[in-house]
Amino acid sequence: MLLVTILISLLYSTLMTGRIFNPSSTSLAPARQPTVVAHEGAGLRDQLQRPLRDLRISVTDRCNFRCTYCMPREVFGADHAFLPQPQLLSFEEIVRVATIAVQMGVQKIRLTGGEPLLRKHIENLIELLSQLRTPDGQPVELAMTTNATLLAQKAQALKDAGLHRVTVSLDALDSARFTQLSDSQVAVERVLAGIEKAAEVGLAPVKVNMVVRKGINDDQIIPMARYFKGRGHALRFIEYMDVGNTNGWNMAEVITGAQIVEQLAHEFEIEPVAADYYGEVADRYRYVDGSGEFGIITSVSNPFCGDCTRMRLSPEGQFFLCLFASRGYDVRSLLRSQATDNEIAAHLMEVWRGRGDRYSELRGQNQAPREKIEMSYIGG
Ligand code: SAM
Ligand code: SF4
Ligand code: SF4
């Protein structure tokens, strides 16, 4: 009798609030039909007339690597205080925000971190997100950025859950260099196996991101290009950025996209490829012999803020409007109060409408130094 009463009251509360009951962050529940009026989000634009199209969700601030430019061990050592579990958004909370964001225009969701594969039962979150539909009924594109140490073992489950693509970060092929850059005991072969497994199960095309730093790993540009050429994966070279506060970034360590292309043109016959879609961040090139493509991401030398349609959600529920932002906009307190979906949508719209961020375009123009969000917390 007690059980029946509980079930009836839960059903009643679900109907009244439009919220699903999900007793733990890992249990599965079907994604709700959104209660938010879609047309309100359709014309949503920020101060620079940019629509909201992408949501990057950081699911953890923890990582099993200590890449020297992202989580230097001196700062992220054994005594570093990571976010305690109760502060993280649950899967239900993440799905609720994502559902609303999709009604506001989001068409692509990327899971990131920290290392997203460290978040327990991440495939359950993917399964929930894969049920989201845009206002015109299209599935949402679902991707993940990962260091791939756990990818070989998890790729099939991720694919089965509904993930479409993965981007793998890999900064060197040479084993000793890889160990040094990731400051881990993981063998580079494990990452390469993860990439192959992802492609094999259909998480393709796999993108491989290499952050290039002068004097640190620029000698790996040609070996990386040679290795990935003809394998069907899209290698992208990324300019080293001044994200966060801990990596001691210096412009002298940046190799520009133009310099990278110059090196590659010396070695291979290549030609540029036209952009595929609005907001594409990589300048693409193809090998003339038909053995594939590579991309260059010129975040420093030729920034693309004008096309930046990305909003970020931090592990403990703050919206960030830029990779270089100093502050976020809390949404967790709304999620954990009695706020309705429409109230959360109104908050999201207000935050996006106020957005004027274009840090990379202003870089070097006497911007006052300030604290920035860490990349390992908000993700790439
Ligand atoms: N742990 C996952 C990984 O490494 O793929 C996801 C999070 S990681 C913060 C996301 C991306 O940010 C990685 O591709 C990494 O190389 C990139 N990244 C971190 N610090 C960077 C920096 N200073 N400049 C450019 N890219 C950076
Ligand atoms: Fe970890 Fe990714 Fe940062 Fe490397 S770049 S320390 S793998 S979060
Ligand atoms: Fe977007 Fe900020 Fe990067 Fe510009 S600097 S592209 S606004 S994240």
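Both ligands and their constituent atoms are indexed starting at 1 by order of listing.
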Tell me, which protein residue and heavy-atom name are nearest [atom], and how many Å apart are they?
atom                    : result
atom 26 (N) of ligand 1 : V211 CG2, 3.4 Å
atom 22 (C) of ligand 1 : V243 CG2, 3.6 Å
atom 8 (S) of ligand 3  : L323 N, 3.3 Å
atom 10 (C) of ligand 1 : G380 N, 3.4 Å
atom 1 (Fe) of ligand 3 : C308 SG, 2.4 Å
atom 4 (Fe) of ligand 3 : C305 SG, 2.3 Å
atom 15 (C) of ligand 1 : Y69 OH, 3.8 Å
atom 2 (Fe) of ligand 3 : C322 SG, 2.3 Å
atom 27 (C) of ligand 1 : M375 CE, 3.7 Å

Taking atom types as modelled and ignoring hydrogens, do the side chains of [X] and [Y] form a donor-acceptor contact shorter than 3.5 angstrom?
X    : Y    : answer
N147 : S182 : no
T146 : E115 : yes
E92  : S90  : no
N250 : Y240 : no
E239 : S301 : yes
D54  : T309 : yes
T256 : Q259 : yes
R110 : T145 : yes

Quiz item: Is there a side-chain contact between L158 and L117, using heavy atoms and a 4.5 Å cut-off?
Solution: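 When only atoms from C-beta onward are counted, L117 and L158 do touch, with a gap below 4.5 Å.
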Quiz item: Atom CE in M71, atom CG in N64: separation rounded to 0.5 Å?
Solution: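 Rounded to the nearest 0.5 Å, the CE-CG separation comes out at 9.5 Å.
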Does an N or O from [X], backbone or side chain, lie closer than 3.5 Å to an N or O of ligand 1?
X    : result
G114 : yes
E239 : no
E115 : yes
S169 : yes
I238 : no

So if I count the atoms of ligand 3 from 1 in the order they appear, which ones are less than 4.0 Å from some heavy atom of [X]?
X    : value
S360 : 5 (S)
F324 : 5 (S)
R310 : 6 (S)

Self-check item: Sphere of radius 2.8 Å around atom 4 (Fe) of ligand 2 - protein N, O or S atoms inside
Solution: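 Metal shell, protein only: C67 SG.
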Quiz item: At under 4.0 Å between heavy atoms, which part of E361 makes contact with ligand 3: side chain, backbone, both or neither?
Solution: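 Contact part for E361 vs ligand 3: neither.
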Quiz prompt | Side chain, backbone, both or neither: R312 near ligand 3, heavy atoms under 4.0 Å | solution =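 R312 to ligand 3: side-chain contact only, backbone stays beyond 4.0 Å.
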Self-check item: Under-4.0 Å heavy-atom contact with ligand 1, by part of T145 that carries it
Solution: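 For T145, the contact with ligand 1 is made by both the backbone and the side chain.
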Quiz item: With a 4.0 Å heavy-atom cut-off (strictly under), which part of T146 contacts ligand 1: side chain, backbone, both or neither?
Solution: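 The answer is the backbone.
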Quiz item: For atom 25 (C) of ligand 1, which candidate among M241, R62, R56 holds the nearest heavy atom?
Solution: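 Among M241, R62, R56, the closest heavy atom to atom 25 (C) of ligand 1 comes from M241.
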Practice problem: Using a strict 4.0 Å cut-off to heavy atoms of N147, name the atoms of ligand 1 that fall inside it. | Solution: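 Those of ligand 1 that fall under 4.0 Å from N147 are 2 (C), 3 (C), 5 (O).
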Quiz item: Of all the atoms in ligand 1, which lie at a distance below 4.0 Å from a heavy atom belonging to T112?
Solution: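 Checking each atom against T112, I get 6 (C), 7 (C).
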Do [X] side-chain atoms and [Y] backbone N/O form a donor-acceptor pair below 3.5 Å?
X    : Y    : result
R119 : R62  : no
S314 : Q318 : yes
T68  : P72  : no
Q49  : R45  : no
N217 : R213 : yes

Looking at [Y], does the NZ or CZ of [X] lie under 6.0 angstrom from its six-membered ring centre and within 45 degrees of the ring axis?
X    : Y    : result
R327 : Y329 : yes
R231 : Y227 : yes
K229 : Y287 : yes

Exercise. Assess R56 for proximity to ligand 3: is some non-hydrogen atom of it under 4.0 Å away?
Key: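 Per 4.0 Å heavy-atom rule, R56 does not contact ligand 3.
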